[in-house]
Structure formats: C-alpha cells, structure tokens
Amino acid sequence: MPGRLQHKVAIITGAGSGIGLESSLLFAQEGAHVVLADINLPAAESAAALIQARFPTVKAIVVKADVGKEADVEALVAKAVQGFGRLDIMFNNAGIMHPNDSTALDTDEKVWDLTMQVNLKGVWWGCKHAVLAMRQNPADAEKGLLGGGGGGSVINTASFVAIMGAATPQLAYTASKGAVLAMTRELAMVHAREGIRFNSLCPGPLKTPLLMDFLNTPEKRDRRLVHLPMGRFGEAVELAKAALFLASDESSYMTGTDFKVDGGLTSCYTTAL
Ligand code: NAD
C-alpha cells in the first residue's frame, strides 16, 4: 500500500518535541522524506534516529535552525531542495510561549519581540522560502497551475487562543497566533492559482512540554480541564494526524482554513461541575 505522502518531501520545524516530533514520525510512516528542523539539535537528531530505525525506506535530514532568523530558514529550505530535489510540504510548527509573557501592563518589550520573532516572523519566513522552492517543483501539466510550478502544502501552527480570548494572560503569544491566522488566509488567496495551499492548524491545550511546563501544578491543570468538553488535554499525535491530512492530497480543495483540533473547546460554552 503506498503511503499517504509517498514520494513527497516535507520540512517540519520544531521537529524535536511535541506536535513536530509526532508529525515527523507520522509523515515518515506515510512515505515522506523528512527534513527535521529544530533549534535543539540533539532533540532533532533523536527524532531522526527514531525515524531511521522504524522506517528505513525513507530518508531523514536533520538541520539545526532558529526559525527566528531568516538566514537559518533560507538555509533550511535550501538543504531540503539540495537533498531531495523538491519541497512539497512545509510545516511551520515551531513556536514558543515565554514564561514572562503576561498582560499588556506587565509584558516586557523584549518578551514581546522574541515571541513575534519566532512565532510570527518565523512562520512568515517559512512561507516565503517555501513558496520560492515550491515554484521550482516540476509542473504537473494536468493541473494547469499558474507560475509553472507543481504546487505544495504549507501548514502554519496557530492556536485556539487566536480564536478565543484566554483569561490567563499571555498577550504576545495570543497576538502572534492571531497574526498567523490572518497571514495564512492572505497567503492562501495570493498563491491559490499556483497550487500552493496554506492552512492554519489551531490546537487546543495539549499534553506537551510547551504547556505542561507552564501548568506545573494540579490546581493550574484543573483550572483548564473544567473548560474542556472532553475533560482531557489533547495529545500531540492527535494534531499530527490533522497535519497529515492537511499535508496530503486528501485536503486538495482546502486552503485558507483555520483547522481546529481542540476537543470542541472553541465551540462550547462549558460550565464548571
Ligand atoms: P514543544 O515545546 O513540545 O515543541 C516545540 C519545539 O520547537 C521544540 O523542540 C523546540 O526546541 C522547538 N523550537 C522552539 N523555538 C524554536 C526556534 N526558534 N526555532 C526552531 N525550533 C524551535 O511544543 P508543542 O506543544 O509541540 O508546540 C508546537 C506548536 O504548537 C507551537 O507553535 C505552539 O505554539 C503550538 N500550540 C501548542 C499548544 C499546546 O498546548 N501545547 C496549543 C496551541 C498551539
């Protein structure tokens, strides 16, 4: 059985942990050659070792990259194209939630700037260099796309806080993710006729280090759990499955969407028991 991403080449940023790690494993399982990017090189290397052990027929390249630096993102995309000759999937997933991110009154400008650098500019640069590479993909005459390229799929990780306000303030993070949604929609429109699809992935609260390091007491976790219709945090692999769908041709008529995978959180008015 051919995999759902057979013969495709995917870059995943933040591949060393959480959603990025699970997505890297799943994309490889479905036949994609993967380029694993992370600021934490040992974490990305461990992910690659897992992939090569489990799925020896696909190739995994590891790249140390800080998505908050355009030169790193440009070099990352160049390595994917040099290594595999094309780029089909760009998963701009790396993101940070700074421990000192707070209210409008208490958030330091340095925290604001760092958050925007990684969460917003990092995604912008990922999109920009992905477009340039995807335009070089060999054209599929049947698709008749403008621009002469073969298209591709770009997935940008936003968050449920881009859609609804959170009572626990993390203003820079929330603003950065709202901007990712807005930016992704516009990119989707601008590049639609080139066959380059852009979709946002909006996770609900997940059991990954990013959130669990922050919710480090049972009281803090319980305060969130009462608002979750399913009564549990999501798992990174549940987001990876959604990313796989957006990455694959199964979502070929989807672009510009805010794809929510949040256990119903943003659709429900829940009350404490
Ligand atoms: P995680 O902390 O488990 O993993 C993030 C990975 O990104 C890490 O391996 C880290 O080293 C890497 N990274 C951090 N800064 C980087 C940079 N500048 N350049 C390259 N790599 C960098 O996080 P996660 O929970 O898997 O989150 C992934 C994405 O999902 C993030 O964009 C996050 O904002 C978003 N998200 C997470 C949740 C949640 O509850 N965990 C909810 C909504 C959205």
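Read the numbers this way: they start at 1 and go in the same order the structure lists the ligands and their atoms.
- In this comparison of Leu21, Asp66, Leu201, the heavy atom closest to atom 18 (N) of ligand 1 sits on Asp66.
- Taking only nitrogen or oxygen atoms, main chain and side chain alike, Thr157 does not reach within less than 3.5 Å of ligand 1.
- From Asp258, atom CG reaches atom CG of Asn156 across 11.0 Å, with rounding to the nearest 0.5 Å.
- Annotation: atom 7 (O) of ligand 1 to nearest protein heavy atom, Gly14 CA, 3.3 Å.
- For Gly204, the closest heavy-atom approach to ligand 1 falls below 4.0 Å.
- Ligand 1 has a nitrogen or oxygen under 3.5 angstrom from a nitrogen or oxygen of Val67.
- None of Phe55, Phe27, Phe84 except one satisfies the ring-ring contact (aromatic ring centres under 6.0 Å, His included) rule with His33; the exception is Phe84.
- Between the CD1 atom in Ile39 and the NZ atom in Lys64 there is a gap of 6.0 Å [rounded to 0.5 Å].
- For atom 5 (C) of ligand 1, the nearest non-hydrogen atom from the set Gly95, Gly20, Gly18 comes from Gly95.
- Only the side chain of Ile96 comes within 4.0 Å of ligand 1, judged by heavy-atom distances.
- Looking at Leu210, Val63, Ile12 and measuring to atom 37 (C) of ligand 1, the nearest heavy atom belongs to Leu210.
- Residue contacts with ligand 1, taken as heavy atom pairs separated by less than 4.0 Å, involve Ser17 via backbone and side-chain atoms alike.
- Residue contacts with ligand 1: Ala37 is placed with no nitrogen or oxygen under 3.5 Å of a nitrogen or oxygen of the ligand (distance criterion only).
- Between Ile19 and ligand 1, at least one pair of N/O atoms sits closer than 3.5 Å.
- At a heavy-atom cutoff of 4.0 Å, ligand 1 is contacted by no atom of Cys202, backbone or side chain.
- Contact annotation for Thr13 and ligand 1: no heavy atom of the residue comes within less than 4.0 Å of the ligand.
- There is no path of hydrophobic side-chain contacts, each under 4.5 Å, that joins Phe214 to Ile96.
- Here Lys177 has side-chain heavy atoms under 4.0 Å from ligand 1, and that is the only part of it that gets that close.
- Under 4.0 angstrom from ligand 1, the non-hydrogen atoms of Ala158 all belong to its backbone.
- Linking ILVMFWY side-chain heavy atoms closer than 4.5 Å, directly or via other members, places Val35 and Met134 in a single hydrophobic cluster.
- Heavy atoms of Tyr173 approach ligand 1 to within less than 4.0 angstrom.
- Under the salt bridge (charged side-chain N to carboxylate O under 4.0 Å, His left out) criterion, Glu250 pairs with Arg4, not counting sequence neighbours.
- Backbone and side-chain nitrogen or oxygen atoms of Thr208 are examined, and one is located within less than 3.5 angstrom of a nitrogen or oxygen of ligand 1.
- When non-hydrogen atoms are compared, ligand 1 lies under 4.0 Å from the backbone of Leu206 as well as from its side chain.
- Under the rule for a side chain to side chain donor-acceptor pair (under 3.5 Å), Arg223 has no partner lying at least two apart in sequence or in another chain.
- Between Cys202 and Leu181 there is a side-chain heavy-atom pair separated by less than 4.5 Å.
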